[in-house]
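Note sheet for the following structure.
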Amino acid sequence: MLKQLRILVLAGLFGWTAAAADLVIDVQGVAQPTPVAIVPFGWEGRSAGMPLDVARVVTDDLRRSGRFDPIGEDQMLQKPTDGADVDFQDWSFVGVEAVVVGKVIQAGDDVYELRFQLFDVFGQRQLVGYRMPRVTRATMRGAAHRAADMIYEKLTGIKGVFGTRVAYVSAKRQGGGQRYSLIVSDQDGYNEHTIMESGDPIMSPAWSPDSRQLAYVSFEGDQSSIWVQTLRTGNRFKVSSKPGINGAPSFSPDGRKLAITLGGVDGNPDVYVLDINSRRTTRLTTHRAIDTEGSWSPDGRYVYFTSDRSGGPQIYRVAATGGSPERVTFEGSYNARPRLSPDGNKLAMVHNDRGNYRIAVMDLERRDLLVLSTGNQDESPSFAPNSDILIYATRRGGNGVLESVSADGLIRQKLTSRAGGDVREPVWSPFPRF
Amino acid sequence: MSDFKLIALAVIAVLLAGCARDTIPDPEPTDTTYGGDAGASTSGMDGDDPYGGERYGEDDPSAGELAMVIHFEFDSSEVRPQDQDVVVRHAMQLGENPGMRVRLEGHADERGSREYNIGLGERRAQAVRRMLMIQGVSASQVSTVSFGEERPVAFGSSEGDYAQNRRVEFKYPN
């Protein structure tokens, strides 16, 4: 990203401004990750080593983003832990564009200060200096992710998502049936917590906008019902268990309502808005086709949904207050499970691409569709809160696994769940609120 | 093929059959005659039983039992002609026992979006429900639930697996 920006700037200098937009697209295909150095953090404390290798966490975060290439420790000519000791000549010689130094200082039994500085090697100046004086052993990994987020944002101009979390469902075969778990983990797969387990299917987890609650569908008792569970306490309450389908919950941006699907006794799925406090439902769609997978636009004005009223499934949108739906997708015979990017500019979906179910993103302004994944059973796209990355489920070796891809399709990562099993329906959390 | 080559092949086949009886099968006893016009062949007829009859069905424990699951074509919720009899027999059973309840569980194969597949499974269950009601079954006797692709019976990703998973199951509570 740094490189792309730099090349754009260069193009301007050489008077190629007219061609600049095309140039960026050309460069993206061959973009190399930016070389950076994360120097091992210093340790001032009572024990032999610090509770967590902070530089390792930051290095892993930046490398996995695909936009950075952190150099190895063996290539470093110096290992300063304080900004005053950074020799820009050395780092320029090694060829890195940015250097991070820092240290962990023990201040009490379980109190640590984590501080770091980020330097621009060519500009020979500090870009970020930050300290977190009240870190504990339990929060140190989170603090390291936060440092990585700040570094990432400064260098790319895009907000980092290393401090966010992911929820997903895992199914493991057990006896004649399956055991289903709803799991929340850090976005790098650490700190997995099973928040709900059942011998009956669990589906469609959805984050509340404050990232404190998850809504989901459970088939406990062989009937579908929608629940909202508070992560901290584990308490949950049932918000819908009508006859027939109760499905596809999606929080409104203000967190007070859920778009849900209700099927009724006659089994005609339509999208409704459920007021969480009063439990009152308002019908949004009325059609004998399948209308489902409602998802709010970030401004709260529209609910996007899947409908097969034209034959195959396509994506439509309707005003959140009701009205007549408007068709949004026209390309291909199968477009389902709409999800809006948090910036409101892009629409992700499951798209049938010549027989393969793949993740595609539509630019809502230009209306063009970009197929981002390469599997044949890819599903459940979910945007990271910075709108720059998507997570989705794909199949590998007969099992469901998670992958992420940058919204431009250039950077792809495989993610491994330690919980194992058939992993599906990943949903990326909003930004944490500090 | 020349006669010479045919004879040579036949000799080799006999030799192989003689020395490796376990691994190489006997040349098929055949009443097909080769030779003459290229490509033409003749066949014998009237074996022991011209109809190839054999014993069948006596040990099938499910004979006469009512099937508890029916399957569907891809992207279809239409009850196939060969399954209509199954639905009619369930309808008769329910009609004769007004206190009896059935739950129709609709399922889809794994392709595509999960919540949309819940809709497809429900559509299948509803198609069966409507058929039961047309046969006179009371609405209060029938409930439906769709598990979409969440409860497969076949865990592979072949067409055969998909075909097994596109189904409606009849569940009678005990």
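Lettering of chains follows the sequences in order, A, B, ..., and the numbering in each one begins at 1.
- Residue contact with chain B, scored on non-hydrogen atoms closer than 4.5 Å, is absent for N352(A).
- A salt bridge does not link R358(A) with E403(A): every distance from a Lys NZ or Arg NE/NH1/NH2 to an Asp or Glu carboxylate oxygen is 4.0 Å or more.
- Of the possible polar contacts, none joining the T261(A) side chain to the A248(A) backbone as a donor-acceptor pair under 3.5 Å is found.
- A salt bridge links R151(B) and D222(A); the closest N-O separation between the charged side-chain nitrogens and carboxylate oxygens is under 4.0 Å.
- Both the backbone and the side chain of E115(B) come within contact range of chain A, judged by heavy atoms closer than 4.5 Å.
- Looking only at heavy-atom pairs under 4.5 Å with chain B, the residue among T292(A), D291(A), V350(A), I202(A) that has the most is T292(A).
- For the set M349(A), Q178(A), M203(A), R337(A), the entry with the most heavy-atom pairs within less than 4.5 Å of chain B is M203(A).
- V228(A) is listed as a side-chain neighbour of F251(A), based on a closest heavy-atom distance under 4.5 Å.
- Between the side chain of D75(B) and the backbone N or O of E73(B) there is no donor-acceptor pair closer than 3.5 Å.
- When heavy atoms are compared at a cutoff of 4.5 Å, P269(A) approaches chain B solely by way of its side chain, counted from C-beta outward.
- Using a 4.0 Å cut-off between charged nitrogen and carboxylate oxygen, E379(A) and R114(B) count as a salt-bridge pair.
- Residue R123(B) touches chain A through its side chain alone, counting heavy-atom pairs closer than 4.5 Å.
- Side chain of E122(B) to backbone of N268(A): no donor-acceptor contact under 3.5 angstrom is found.
- Of the two parts of D266(A), the backbone and the side chain both hold a non-hydrogen atom closer than 4.5 Å to a non-hydrogen atom of chain B.
- For V217(A), the part sitting under 4.5 Å from any heavy atom of chain B is the side chain, from C-beta outward, and nothing else.
- Here R424(A) is the residue among H351(A), R395(A), R424(A) with the most heavy-atom pairs under 4.5 Å with chain B.
- Note: G247(A) leads G247(A), G244(A), S224(A) in heavy-atom pairs under 4.5 Å with chain B.
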